[in-house]
Amino acid sequence: RSLLGLLNDILDFSKVEAGKMTLDPRPFHLDKVLRDLSVVLSANLGSKAVEVRFEVGSDVPRGLLGDDMRLQQIIGNLVSNAVKYTTRGHIEIQAEVDDHEPHTMTLCVNDTGSGIPAEVLPNVFEPWFRGTREARGLGLGLSIVKGLVDLHEGELHANSTPGEGTTMTVLLPLNGPVVKSVD
């Protein structure tokens, strides 16, 4: 399973880098994407003493038009990273519509993990970057997220405090070319 995951990351990274990654927009429900993600997440947590919380604002449209598989991949990669570095505490996945940007959905993944040192934080979205010698994986997950967010014409930000945790924030346009609400 780990080898297959690594191969898929390399293939996705190659597609993003070559400009061959495409989106497949179709109607979907955000609740289903998050439900499916929670199943995978619970298996990945194993016996860790980590509470997982989902918070979806009442103003977030549940019916969306977009590439649900890529959206799940964005959130999944961010959550997978949080799981790697969080041994206790919580991981919280939040979705809301920004009061100042009503056509933008904000997705946040907050964790109480080990955090990322300030000197390496600007590099976390670079391909093959692994912050520390102890970091696991190839260093492609966040780079793939960055490529997918760019493909959605969105934004990606990271904030972290070593020893306290990390927050990854994704801003996606609801009325943009790929993700928008459907009636």
**Request:** Might you work through the side chain to side chain contact (heavy atoms under 4.5 Å, CB included) test for Asp24 and Met69, ending with a clear yes or no?
**Result:** CA-CA 8 Å; Asp24 181 21; Met69 186 175 93; over 6 Å; no
**Prompt:** Going through the distances and angles, do Thr167 and Asn159 end up as a side chain to side chain donor-acceptor pair (under 3.5 Å)?
**Reply:** CA-CA 5 Å; Thr167 298; Asn159 292 305; over 6 Å; no
**Request:** Would you check if the side chain of Ser38 reaches a backbone N or O of Arg35 as a donor-acceptor pair within less than 3.5 Å?
**Result:** yes
**Message:** Using a strict threshold of under 4.0 Å (side-chain N to carboxylate O), is an ion pair present between Asp36 and Lys32?
**Reply:** yes
**Common cluster, Val97/Leu171, ILVMFWY with side-chain heavy-atom separation under 4.5 Å** = no
**Item:** CA sep, side-chain torsions, deciding dist, call: Gln94, Asn110, side chain to side chain donor-acceptor pair (under 3.5 Å)
**Value:** CA-CA 8 Å; Gln94 299 172 310; Asn110 303 300; 3.0 Å; yes
**Message:** I'd like to know if the side chain of Asn123 and the backbone of Glu126 have a donor-acceptor N/O pair within less than 3.5 Å.
**Reply:** no
**Verdict with supporting geometry, Lys146 and Asp150, salt bridge (Lys or Arg N to Asp or Glu O under 4.0 Å)** = CA-CA 6 Å; Lys146 175 75 172 124; Asp150 288 348; 3.0 Å; yes
**Complete:** Rounded to the nearest 0.5 angstrom, the OH-OG1 distance for Tyr85 and Thr166 is 10.0 Å
**Prompt:** For the atom pair CD (Glu51) and OG1 (Thr112), what is the distance rounded to the nearest 0.5 Å?
**Reply:** 9.5 Å
**Prompt:** Where do Leu45 and Val83 land on the side chain to side chain contact (heavy atoms under 4.5 Å, CB included) test, with the steps shown first?
**Reply:** CA-CA 7 Å; Leu45 281 172; Val83 168; 4.0 Å; yes
**Request:** Identify whether the distance between the nearest side-chain nitrogen and carboxylate oxygen of Arg53 and Glu55 falls below 4.0 Å.
**Result:** no
**Item:** Nearest heavy atoms of Ile74 and Val145, plus distance in Å
**Value:** O-CG2, 3.8 Å
**Asked** Is the backbone N or O of Phe28 less than 3.5 Å from a side-chain atom of Asp68, with the two atoms forming a donor-acceptor pair by type?
**Response** no
**Prompt:** Rounded to the nearest 0.5 Å, how far apart are CZ of Phe54 and CD1 of Ile93?
**Reply:** 4.0 Å
**Heavy atoms of other groups near His29 NE2, more than 12 under 6.0 Å** = no
**Item:** Residue pair Val60 / Met105: nearest heavy atoms and the distance that separates them
**Value:** CG1-SD, 3.8 Å
**Prompt:** What heavy-atom pair brings Ser160 and Leu121 nearest, and what distance separates the two atoms?
**Reply:** N-CD2, 4.0 Å
**Message:** Using 0.5 Å steps for rounding, measure from the CG atom of Leu142 to the CE atom of Met168.
**Reply:** 4.5 Å
**Prompt:** Where do Thr86 and Ala82 come nearest, in terms of heavy atoms and distance?
**Reply:** OG1-O, 2.7 Å
**Request:** Calculate, to the nearest 0.5 Å, the distance between atoms CG and NE2 belonging to Leu148 and His152 respectively.
**Result:** 7.0 Å
**Prompt:** How long is the gap from CG on Asn81 to CD1 on Ile116, to the nearest 0.5 Å?
**Reply:** 7.0 Å
**Item:** Verify same cluster id: Ile91, Val56 (apolar side-chain graph, 4.5 Å)
**Value:** yes
**Request:** Take Leu34 and Ile75, measure what side chain to side chain contact (heavy atoms under 4.5 Å, CB included) needs, and give me the verdict at the end.
**Result:** CA-CA 9 Å; Leu34 296 176; Ile75 301 168; 4.1 Å; yes
**Complete:** Shortest non-hydrogen pair, Leu107 vs Ala95, comes out as CD2-CB, 3.6 Å
**Message:** If you compare all heavy atoms of Pro61 against all heavy atoms of Leu30, which two are closest, and at what distance to 0.1 Å?
**Reply:** O-CB, 4.5 Å
**Asked** Looking at side-chain heavy atoms only, is the closest gap between Thr169 and Thr106 below 4.5 Å?
**Response** yes
